[in-house]
Amino acid sequence: MSDWLSRAEGFDVLDEPARKALRGLTPVSVPKGQVLFHPGDPVSAFVVVPDGRVDVFLTGAAEAD
């Protein structure tokens, strides 16, 4: 996963200070099916997906207006 920033689409438009900040991130691999967060969880990270995809599901009863 070295140099993930150069392989990720869309980041080439960022200025150098932004790219430098992103280079400091530590990439991790997440197995298929891994839950990254639940509704109501406090924000503890920012997810950047340079390869693969993230599916988001929210299930439950619809609220009445």
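What you see is a predicted model; the values in this text were computed from it and never measured.
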In terms of heavy-atom contacts, does CD of Glu9 have more than 12 from other residues, nucleotides or ligands at under 6.0 Å? no
Can you hop from Val28 to Val35 via hydrophobic side chains spaced under 4.5 Å? no
If every non-hydrogen atom of Asp15 is compared with every non-hydrogen atom of Ala18, which pair is closest and at what distance? OD1-N, 3.0 Å
Verify same cluster id: Val54, Val30 (apolar side-chain graph, 4.5 Å): yes
Same apolar cluster: Leu36 and Val56, side chain cutoff 4.5 Å: yes
Test of understanding: with salt bridge (Lys or Arg N to Asp or Glu O under 4.0 Å), list the residues that count as partners of Arg19, not counting sequence neighbours. none
